[in-house]
There are 2 protein chains.
Amino acid sequence: MGVTIKDIAKSAGVSYSTVSKALRDSPLVKEPTKKRIIDIAGQLGYQPNAAARSLVSKKSHTIGIVWPTIERAAHAALITSLNQRLEQLSYTTLISINEMEFAINTFNRYQVDAILAFDDGENIHNYQSTVPIVSYGIANSASVYPTVDANRRKAIQTAVEYLGSAGHQKIIYIGDMLGEDRLQQEKTTGFKQAMTGLYPADDVSSRLIQVAGLEQYDGYAAAREVFEAQELPTAIVSGSHDLTRGILRAVHEKGLSIPNDISIISYDNLPESDDMEVPLSTVGVPLAAISDKLADVLMATIQQENTDTAIYLEPELKISGSSRKLDDSAVSRGEAYHG
Amino acid sequence: MGVTIKDIAKSAGVSYSTVSKALRDSPLVKEPTKKRIIDIAGQLGYQPNAAARSLVSKKSHTIGIVWPTIERAAHAALITSLNQRLEQLSYTTLISINEMEFAINTFNRYQVDAILAFDDGENIHNYQSTVPIVSYGIANSASVYPTVDANRRKAIQTAVEYLGSAGHQKIIYIGDMLGEDRLQQEKTTGFKQAMTGLYPADDVSSRLIQVAGLEQYDGYAAAREVFEAQELPTAIVSGSHDLTRGILRAVHEKGLSIPNDISIISYDNLPESDDMEVPLSTVGVPLAAISDKLADVLMATIQQENTDTAIYLEPELKISGSSRKLDDSAVSRGEAYHG
DNA sequence: ATAAATAATAACAACGTTGTTATTATTATA
DNA sequence: TATAATAATAACAACGTTGTTATTATTTAT
């Protein structure tokens, strides 16, 4: 069994309550005594028993993350970033990859201080939990728990509208529109809405390119098929960073030039990746903004401050070398064209 | 705050100790009483407080997994499989993606029953822990904790030796030999050892093809470069399933035929994937075997049974349509060649 | 019908910790 | 030097649960 404060107390010749105070750096115990106790605790390799501590304090200083879709490596980067942020706030992160309801029950038993549910499929708002829940996914009127929404729909819309205003008409979207993943569906919806808004006469469906998966190769394969077809699009909106990497390879291979022959805007949360050949135009909420907001909402929820149940993050459009304005349009809108 | 057995006791008009027994289905409480209590507990949405329970029982029925490399999606499938296996054994899994020492301390505080460390980098055998640790990685004489080793070195050796005995000489290995990941390094070592054993005169280094990453596209890119070169290898050993998928695409694209022009054996743990165009020859310890063994070792460790500190799993060579014997060799060894 | 046996339930201690209250040791004040 | 004030430490209760022991209710045997 582990070392307890009683062991330390015995070894230091003081009462165990003094040990408790010393270790929590209470001013109620004299400096030299404190030091002696801390030293002994270190020597014995003492680790406070979380069960006992959370039993009495009713706080565990732990956040439980429910992440049932571990295999779709999707949120890995976000979880890493959030984990760091929470560590700064002296919270510990535990992850469960179990099915949503089971995971929520587990975290209830463990009395974590709050649960973060990565919700890209089912609706979590039916589950009961005495531990407060925060959801990361898609906000809507039925949300009962605070839901942070990276507003993927608006992100893609923004990209499309920008491309439209830059004179592009032959815009395609490469992404997943058939899968179960509601986050992907949102992006598709954004594309459709924006395109229908810009070019009501067009048939949007022909501009949607379905991928076989969300990895780099899938982007590559999809783009290649596109390039086989008769007419090249002037702009591509890509559903994810990985897909974009593949698309870029296909562009390269086809001998096309970016952004002269084709413009690309990628949905992306990641901080600027410098291993790109071309500085990439991106749209999306930056990873740090998401994890900061998630941490904020979690803390607020723990502090019983009630927050909105729908928290939309603002996607950022970052225009860089991989996209350009089409000459005619730029002219027609009275804007100069900058190569 | 959550519902406790005292709330249930009050509501049922019995003492809380009776509630405790009823919920644990003790024969010490009369059937109708038991039923009534269980019903009430259900209605109130009672979840036993894990802190209190593990405090008194000194068991948490929880396994902590340390997985600092979440972003290298590597072990995702294994963790999923193991999670299921442990659920069958009525253990709950919690994951920490923190740095090894921090994660181990966290799990010590939580008094999990055992820790599983995915150890593909640093050496965990220095860390102190009162909770028993099991490691999944590379076993060696310095291992102080039981270490389950999928024997990647031997797996690749087996593949190479098989190919050698099938008459192949121009064998290449596509994989990662430069990264930090010791698991990958093991595979490379296996390839080198087997090749040097078979063809001492050859320069092995020219047969090692370094990939840029471990994703499908990286396999594709590496294979393509190989196929540009003068002389085609007769056989490829691939370091991972994803790489293999890419390699196959490159083979296709080049118009080569498998296994007539080229044989492929892939390192792989996954159960047969049927989305392959060619039934794949693979080598490796099956995923289920790994997770079963990990679960076994964890249980044994919890039960204080002492196990070996080095547990090597036996890789399986599964020869299928993607590889063939070379005619001359088959003849020279007196074996018939089956197309 | 009553004592003895047994079934059912209640009461209590313990797990390791924290916060509060009580006790003892030390210092300051007269 | 005695006394009040304060500093330092010790003792205690509580958190929610389980396992053991004590009590009460019920059955069995005579």
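Note on naming: letters A, B, ... go to the chains in the order of the sequence lines (proteins, then strands), and numbering restarts at 1 for each one.
Within 3.5 Å, a donor on the side chain of Ser17(A) pairs with an acceptor on the base of dA11(D), or the reverse.
At dT18(C), one or more side-chain N or O atoms of Arg53(A) fall inside 4.0 Å of OP1 or OP2 (strictly under the cut-off). Residue Lys58(B) places at least one side-chain N or O under 4.0 Å from the OP1 or OP2 atom of dG16(C). Within the structure, every side-chain polar atom (N or O) of Tyr110(B) is placed at least 4.0 Å from both OP1 and OP2 of dG16(C). Between Lys59(B) and dT18(D) there is no side-chain N or O to OP1 or OP2 distance below 4.0 Å. The phosphate of dC15(C) has neither OP1 nor OP2 within less than 4.0 Å of any side-chain N or O from Tyr16(A). Proximity of Thr18(A) to the phosphate of dA10(D): a side-chain N or O atom is located under 4.0 Å from OP1 or OP2. Ser57(A) has no side-chain polar atom (N or O) that falls below the 4.0 Å cut-off from OP1 or OP2 of dT17(C). Neither OP1 nor OP2 of dG16(D) sits under 4.0 Å from any side-chain N or O of Thr4(B).
Side-chain contact check for Tyr136(B) versus Leu78(B): some heavy-atom pair is nearer than 4.5 Å. Between Ile63(B) and Ile302(B), some side-chain heavy-atom pair lies under the 4.5 Å cut-off. Looking at heavy atoms from C-beta onward, Ile115(A) lies in side-chain contact with Asn108(A) at the 4.5 angstrom threshold.
Within 4.0 Å of Thr33(A), counting heavy atoms only, lie sugar-phosphate atoms of the nucleic acid but no base atom.
Ranking dT18(C), dA14(C), dA11(D) by closeness to the Ser15(A) side chain, first place goes to dA11(D).
The NZ atom of Lys10(A) sits 17 Å away from the C1' atom of dA10(D) (whole-angstrom rounding). Regarding Lys34(A), its NZ atom lies at a distance of 10 Å from the P atom of dT9(D), rounded to whole Å. The CG-C1' distance, from Leu55(B) to dG19(D), rounds to 14 Å in whole Å. One can place CG of Asp7(A) at 9 Å from P of dT17(C), the figure rounded to the nearest angstrom. dA10(D) atom P lies 15 Å from atom NZ of Lys6(A), rounded to whole Å. The distance between atom CD of Gln47(B) and atom P of dT17(D), rounded to the nearest whole Å, is 11 Å. Taking atom CG on Asn49(B) and atom P on dA14(D), their separation rounds to 18 Å, with Å as the unit. In this structure, NZ of Lys35(B) is placed 16 Å from P of dT9(C), rounded to the nearest angstrom.
By the side chain to side chain contact (heavy atoms under 4.5 Å, CB included) test, Ser17(B) pairs with Ser15(B), Lys21(B), sequence neighbours left out.
For the residue pair Tyr16(A) and Thr4(A), no side-chain donor N or O sits within less than 3.5 Å of a side-chain acceptor on the partner. Of the N and O atoms on the side chains of Ser54(B) and Ser60(B), not one donor lies less than 3.5 Å from an acceptor on the other residue. When only modelled atom types and interatomic distance are considered, Ser96(A) and Asn98(A) share a side-chain donor-acceptor pair under 3.5 Å.
Across residues 19-30 of chain A, Lys21(A), Leu28(A), Val29(A), Lys30(A) each have a non-hydrogen atom less than 4.0 Å from an atom of DNA chain D (numbered order).
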Name each donor-acceptor pair under 3.5 Å that joins a side chain in residues 86-94 of chain A to protein atoms two or more places apart or in another chain, with its distance.
unit_1, atom_1, unit_2, atom_2, d
Gln88(A), OE1, Arg85(A), NH1, 2.6
Thr93(A), OG1, Asn83(A), OD1, 3.0

